[in-house]
Amino acid sequence: MKNTICFFFLILTLHSLSYSQTEERKKYTVWQLEATNEAKMIYAPANVRSAAGTKFPVIDSLHAGDTITVKSNSNKFLTLKNIVAPWIWIDYVKNGTKKQGYIWAGLLAIGYAIDDEATYLFGIDRIIEQKEKRTEYYTGNIFKTALKVIKKGALVAQKNRDIEDNESVSHVDLKLLGDPKLTNVKQVARIMTSGEACGIYTNYYYAGFTGNSFLDLPGKSTVSDAGVYWHIETILFPSEKGGKAGKLIKITEEGTADDEETDANTTKYKTSYKTETFVWTGSKAVKE
């Protein structure tokens, strides 16, 4: 299968997004788009307005999967569904005609990937506040996210997922892995959420696309702490070296330092491995 992969990669944090509900944190929202950046709509209909703000006339509308090019960010923000995002001035082409206008950036996909005629989109639908769970470094909020497949302008499939806001959600990446050689699965979409410091988990969520729906696949996590401890999980699909037909294999490696490195000695490490096998039934993975 020929894959053409396009990434709209997040450098800024979803963690900051939750705290950006205050005026002084607006500049840290994830939709910090630079001029000439391309992005895709994920939520529709997306109203295009004559200027930055809901009080200005709607001059057009865009649909999920439509491509826009950023001309510039405005300094005006809208809070909708607990998401704070700026208005942006955009270029786009509709019916062969180049147009301009303003849209709310919260309607854009965080990440997208293209496979043949299908466009995979990942975005935030809303943020659920949980103030009772808030701490100094953890908002306690829940991100209601959506993974969509758009083909020829039509929604083919959608997978909703709740992601807790914690320090593991520091940037997001959407990647297509190709045909895993699993019955009924044509493509694997992988969403990665990662932290920026030692001891913070990177989490991977996998969804198998059948052609008209998504199936859950086992996920994985990795974490390390300054060479003192590490935990690395690997998922092997049947299509990969070391994989087995009809099965998914999760290999976990854990390591710890027995002592600290000094001028007199070199650090010694203790490493252990664990293997888990999941049998693929054609619709779900069952632990063997």
For a quick test of reading the model, state the closest non-hydrogen atom pair linking Leu147 to Ala207 and the distance between them.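 For Leu147 versus Ala207, the nearest heavy atoms are CD2-CB, 4.0 Å.
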Cation over ring face, Lys76 and Trp87, 6.0 Å, 45°: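 Pair Lys76/Trp87 does not count as cation-pi.
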Side-chain heavy-atom pair Lys94, Ser61 within 4.5 angstrom cut-off: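 When only atoms from C-beta onward are counted, Ser61 and Lys94 do touch, with a gap below 4.5 Å.
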Would you mind reporting whether Leu62 and Val48 have side-chain heavy atoms less than 4.5 Å apart?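 When only atoms from C-beta onward are counted, Leu62 and Val48 do touch, with a gap below 4.5 Å.
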Within the 4.5 Å heavy-atom criterion, are Tyr201 and Thr193 side-chain neighbours or not?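 They are not in contact (no side-chain heavy atoms under 4.5 Å apart), so the answer is no.
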Are Ile124 and Leu80 in one and the same hydrophobic cluster, where Ile, Leu, Val, Met, Phe, Trp and Tyr link if side-chain heavy atoms are under 4.5 Å apart?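 Ile124 clusters together with Leu80.
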Show the numbers, then the answer: is there a side-chain contact (heavy atoms from CB on, under 4.5 Å) between Ile83 and Phe143? CA-CA 10 Å; Ile83 298 172; Phe143 293 94; over 6 Å; no
Can you confirm whether Leu78 sits close enough to Val84 that some side-chain heavy atom of one is under 4.5 Å from a side-chain heavy atom of the other?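 The answer is no; the side chains never approach within 4.5 Å.
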Less than 4.0 angstrom from a charged side-chain N to a carboxylate O is my criterion; do Asp116 and Lys151 meet it?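 No salt bridge links Asp116 with Lys151.
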Run the side-chain hydrogen bond (donor to acceptor under 3.5 Å, both in side chains) test on Asp60 and Tyr92 for me, step by step, so that the C-alpha distance in whole Å, both residues' side-chain angles and the decisive distance to 0.1 Å come before the verdict. CA-CA 11 Å; Asp60 206 348; Tyr92 62 99; 2.8 Å; yes
Is the shortest heavy-atom distance from the side chain of Trp280 to the side chain of Thr183 under 4.5 Å?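 With C-beta onward as the side chain, the pair touches.
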Side chains of Lys40 and Thr67: any donor to acceptor distance under 3.5 Å?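 Note: Thr67 and Lys40 side chains meet the donor-acceptor criterion.
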Is there a path of hydrophobic side-chain contacts, each under 4.5 Å between heavy atoms of I/L/V/M/F/W/Y residues, joining Ile42 to Val156?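 Yes; Ile42 is reachable from Val156 via cluster members.
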Distance-only side-chain donor-acceptor flag, Thr97 / Asn95, under 3.5 Å: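 Note: Thr97 and Asn95 side chains miss the donor-acceptor criterion.
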Heavy-atom pair with the smallest gap, counting every atom of Ile127 and Asn82: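 Taking every non-hydrogen atom into account, O-ND2, 2.9 Å.
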Do Ser221 and Asn203 get their side chains close enough for a donor-acceptor pair, meaning under 3.5 Å?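 There is such a pair (donor and acceptor under 3.5 Å, judged by atom type) between the side chains of Ser221 and Asn203.
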All side-chain contact (heavy atoms from CB on, under 4.5 Å) counterparts of Pro238, not counting sequence neighbours: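 With sequence neighbours excluded, Pro238 shows a side-chain contact (heavy atoms from CB on, under 4.5 Å) to Lys181, Leu182, given in chain and number order.
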Rounded distance [0.5 Å steps], OH in Tyr204 versus OG1 in Thr234: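 Spacing of OH (Tyr204) from OG1 (Thr234) equals 9.5 Å.
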Name all residues meeting the side chain to side chain donor-acceptor pair (under 3.5 Å) criterion together with His231; count only those two or more places apart in sequence or in a different chain, and write none if there are none.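 Checked His231 against side chain to side chain donor-acceptor pair (under 3.5 Å); matches are Glu233, Glu254.
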Rounded to the nearest 0.5 Å, what's the gap from CD on Glu240 to CD1 on Ile249? Could you check?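 Between atom CD of Glu240 and atom CD1 of Ile249 there are 10.0 Å.
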Looking at side-chain heavy atoms only, is the closest gap between Lys71 and Gln100 below 4.5 Å?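 Counting from C-beta outward, Lys71 and Gln100 do come under 4.5 Å.
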Answer with yes or no whether the hydrophobic clustering places Leu107 together with Val93; edges join I, L, V, M, F, W, Y residues whose side-chain heavy atoms lie under 4.5 Å apart.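 Different hydrophobic clusters.
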Going by the rule ring-ring contact (aromatic ring centres under 6.0 Å, His included), which residues pair with Phe214 if we only count those two or more places apart in sequence or in a different chain?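 If we apply the ring-ring contact (aromatic ring centres under 6.0 Å, His included) test to Phe214, skipping adjacent residues, the hits are Phe209.
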Quick one: are Thr281 and Val286 in side-chain contact, heavy atoms under 4.5 Å?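 They are in contact (side-chain heavy atoms under 4.5 Å apart), so the answer is yes.
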Give me each pair satisfying salt bridge (Lys or Arg N to Asp or Glu O under 4.0 Å) with a member in residues 277-288, each pair once, sequence neighbours excluded.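 Every salt bridge (Lys or Arg N to Asp or Glu O under 4.0 Å) pair that includes a residue of residues 277-288, provided the two are not neighbours, is Lys247-Glu288, Glu276-Lys287.
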Where do Ala85 and Gly106 come nearest, in terms of heavy atoms and distance?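 Result for this residue pair: CB-N, 3.6 Å.
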The criterion is ring-ring contact (aromatic ring centres under 6.0 Å, His included); which residues satisfy it with Phe237, sequence neighbours excluded?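 So Phe237 forms a ring-ring contact (aromatic ring centres under 6.0 Å, His included) with Tyr206.
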Go through the structure and list residues passing side-chain contact (heavy atoms from CB on, under 4.5 Å) with Thr271, not counting sequence neighbours.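 Applying side-chain contact (heavy atoms from CB on, under 4.5 Å) to Thr271 gives Trp230, Glu253, Tyr273.
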Shortest non-hydrogen separation from Asp179 to Gln187 and the atoms involved: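 Taking every non-hydrogen atom into account, N-OE1, 4.4 Å.
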May I have the step-by-step check of side-chain contact (heavy atoms from CB on, under 4.5 Å) for Lys250 and Leu248, ending in yes or no? CA-CA 7 Å; Lys250 177 186 282 191; Leu248 298 97; over 6 Å; no
Grab the two heavy atoms, one from Pro180 and one from Val185, that are nearest each other, plus how far apart they are.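 In terms of heavy atoms, the two residues are closest at CG-CG1, 3.6 Å.
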May I ask you to decide if Tyr102's main-chain N or O and Arg49's side chain share a donor-acceptor pair within less than 3.5 Å?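 Flag not set: sc Arg49 to bb Tyr102 has no pair under 3.5 Å.
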For Asp125 and Lys81: C-alpha separation, side-chain torsions, deciding distance, then whether side-chain contact (heavy atoms from CB on, under 4.5 Å) applies. CA-CA 8 Å; Asp125 176 66; Lys81 297 185 292 187; 3.3 Å; yes
State, yes or no, whether a side-chain contact exists between Thr119 and Lys148 at a heavy-atom distance under 4.5 Å.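 A side-chain contact under 4.5 Å is absent here.
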Does Lys175 count as lying over the ring of Tyr120, i.e. NZ or CZ under 6.0 Å from the six-ring centre, within 45 degrees of the axis?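 No cation-pi geometry.
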Criterion side-chain contact (heavy atoms from CB on, under 4.5 Å) on Asp162 and Thr145, from CA distance to verdict: CA-CA 6 Å; Asp162 290 355; Thr145 70; over 6 Å; no
Please find the pair of heavy atoms, one from Ile103 and one from Leu108, that lie closest to each other, and give the distance.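 That closest heavy-atom pairing would be CD1-CD2, 4.0 Å.
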